[in-house]
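This is a predicted model, so every value here is computed, not measured.
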Amino acid sequence: MKFVDEYRDRAKAEALSRAIASITTRAWSIMEVCGGQTHSIVKYGIDELLPEKITLLHGPGCPVCVTPLELIDKALFIAARPEVIFCSFGDMLRVPGSGGDLFSVKAKGGDVRIVYSPLDALKLARENPRRQVVFFAVGFETTAPANAMAVFQAHAQKIANFSVLVSHVLVPPAIEALLSAPDNRTQAFLAAGHVCTVMGFEEYQPLAKKYGVPIVVTGFEPLDILQGILMAVRQLEEGRAEVENQYARSVRREGNLPAQALMAKVFRVVDRKWRGVGEISASGYALADEFAAHDAETRFDLADYHVDEDSECISGQVLRGVRKPHECPAFGGRCTPERPLGATMVSSEGACAAYYTYRRHAETSRAATKGA
């Protein structure tokens, strides 16, 4: 496929891996921020092409995975109401709350619908004026512009039966939280290219300077990732800590300014809880006061609901790069995509799902060999 296959060229990948090996003199730990990058790394065996001194850590870059348990429970409560049409992207339907998931609500008669855009949900609100239509607005800065546009249009067109359950999270505060944690192992970051397509990368520069950590804006195909690693290792070996842009075909320094202006109008920055990680200051979006009438948490009186996470699930440690999915005692046994303990096992970008899909047989074989 044109514009994809050229970024999966095996010979070029091997050449990049040799280039990385040729400049690596010390052990380095590099974290990819995005779950899409994690899946590419595991699917294509990118980590296995690297010298042993290079360790890749999987970061919190899956918005589905970091959506807090209480937000899932709020979604379940709202979706079960008879007057509600609850709309979501498909990757949220299997994410477990403390008492089921959206699929189970649908199976019991809830009107839960998969949509491909928040504007699809807004159209449903126009077509069903006697129903409350709620869209589950989940994501990093990548999906925030479209969700902001849906709210902006609903407000302008006075569509009063449309609201959003907001669970937007922001990447730079999460990177800072990881770097300031006592168990931090990360020495360089591969930043998420799609986030930077919207936001640019100027906001990463103070982080690179403050913590002395290279940050390379990186795409999602194998050659993107290998080139991003090469750029990060080169900085580490030379003692530099700068922000560089590997994903120049899509990302500009300033990002998408009209999208940022719309987001700044519709949203306000708030503290946000990340599932398995905890609350991170100024790391999320909520609706600005002007658009508060479209806030589903307020509409259904759920703002003060809180619940504890499952203590058996180690997804928080996986999302912080402290442990790998296969190091969880429940992995592939008590926790599978059909019976997940946490969102990292069911999300299309979850690290546990990646290991289960592409590595579970290899990890089982390694464990058996080690124990023999």
Side-chain angles (χ1 to χ4, degrees), residues 63 66-68 70-72 74-75 77-79 81 83-89 92 113 115-174 194-200 202-203 254-274 279-306:
V66 301
T67 299
E70 55 252 38
L71 258 297
I72 304 298
K74 290 175 184 180
F77 174 83
I78 294 170
R81 295 178 67 99
E83 78 275 20
V84 168
I85 300 174
F86 193 89
C87 301
S88 173
F89 296 140
M92 293 302 300
R113 306 189 190 186
V115 295
Y116 298 96
S117 164
L119 296 177
D120 293 340
L122 185 60
K123 180 181 178 183
L124 282 171
R126 292 193 197 97
E127 295 171 346
N128 297 272
R130 297 180 183 275
R131 305 283 300 278
Q132 289 291 325
V133 177
V134 180
F135 178 71
F136 203 175
V138 175
F140 289 118
E141 297 94 328
T142 317
T143 57
N147 295 336
M149 178 57 75
V151 173
F152 183 84
Q153 289 190 11
H155 184 73
Q157 298 169 17
K158 296 181 170 53
I159 303 175
N161 63 322
F162 177 79
S163 61
V164 291
L165 182 61
V166 180
S167 185
H168 276 298
V169 287
L170 309 177
V171 172
H194 52 10
V195 170
C196 295
T197 301
V198 176
M199 302 303 293
E202 291 179 345
E203 58 188 336
E254 71 278 9
N256 186 326
L257 296 178
Q260 293 171 33
L262 178 63
M263 292 156 61
K265 181 174 180 61
V266 174
F267 295 122
R268 58 189 171 91
V269 175
V270 296
D271 299 343
R272 179 67 73 183
K273 183 177 180 181
W274 295 51
E279 186 167 279
I280 301 176
S281 177
S283 68
Y285 282 142
L287 291 182
D289 291 344
E290 181 182 353
F291 302 93
H294 298 282
D295 186 342
E297 288 188 70
T298 301
R299 180 167 295 187
F300 295 96
D301 194 25
L302 294 171
D304 294 329
Y305 175 82
H306 301 282

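For the atom pair Asn256 CG and Thr197 OG1, the distance stands at 9.0 Å (nearest 0.5 Å). Between the CE atom in Met149 and the CG atom in Leu119 there is a gap of 8.0 Å [rounded to 0.5 Å]. Separation of atoms CD (Glu297) and OG (Ser163) is listed at 10.5 Å; rounding is to 0.5 Å. Rounding to the nearest 0.5 Å gives a distance of 11.0 Å between CG of Leu122 and CZ of Phe135. Atom OG in Ser167 sits 9.5 Å away from atom CH2 in Trp274 (nearest 0.5 Å). The NZ atom of Lys123 sits 11.0 Å away from atom CG of Asn128, with the distance rounded to the nearest 0.5 Å.
Side-chain contact between Ile78 and Phe86 is present, with heavy atoms from C-beta onward closer than 4.5 Å. At least one side-chain heavy atom of Val133 sits under 4.5 Å from a side-chain heavy atom of Cys87.
Side-chain atoms of His294 come within 3.5 Å of backbone N or O of Phe162 as a donor-acceptor pair. Counting only distance, with no hydrogens or angles, the side chain of Arg299 and the backbone of Ala293 share a donor-acceptor pair below 3.5 Å. Lys74 places no side-chain N or O within donor-acceptor distance of the main-chain N or O of Leu165, the cut-off being under 3.5 Å.
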For Val115 and Phe136, what are the C-alpha separation, side-chain angles and deciding distance, and is it a side chain to side chain contact (heavy atoms under 4.5 Å, CB included)? CA-CA 10 Å; Val115 295; Phe136 203 175; over 6 Å; no

Criterion side chain to side chain contact (heavy atoms under 4.5 Å, CB included) on Val166 and Arg272, from CA distance to verdict: CA-CA 11 Å; Val166 180; Arg272 179 67 73 183; 4.0 Å; yes

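Of all heavy-atom pairs between Ile159 and Ala125, the closest is CG2-CB, 3.8 Å. Across Val84 and Ala79, no two heavy atoms sit closer than the pair CG1-CA, 4.5 Å. Minimum heavy-atom separation, Pro173 to Ala282: CG-O, 3.2 Å.
Within a 6.0 Å radius of CZ in Phe152, no more than 12 heavy atoms belonging to other residues, nucleotides or ligands are found.
Annotation: side-chain hydrogen bond (donor to acceptor under 3.5 Å, both in side chains) contacts involving residues 136-156, sequence neighbours excluded, comprise Asn147-His168.
Judged by distance alone, the side chains of Gln132 and Arg81 never bring a donor and an acceptor atom under 3.5 Å apart.
Taking the centre of each ring, Phe140 and Tyr285 stay at or above the 6.0 Å mark.
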Quick one: side chains of residues 258-270, donor-acceptor pairs under 3.5 Å with protein atoms, not counting sequence neighbours, listed by atom name and distance.
from, atom 1, to, atom 2, distance (Å)
Gln260, NE2, Val198, O, 2.9
Gln260, NE2, Glu254, O, 2.8
Arg268, NE, Leu287, O, 3.0

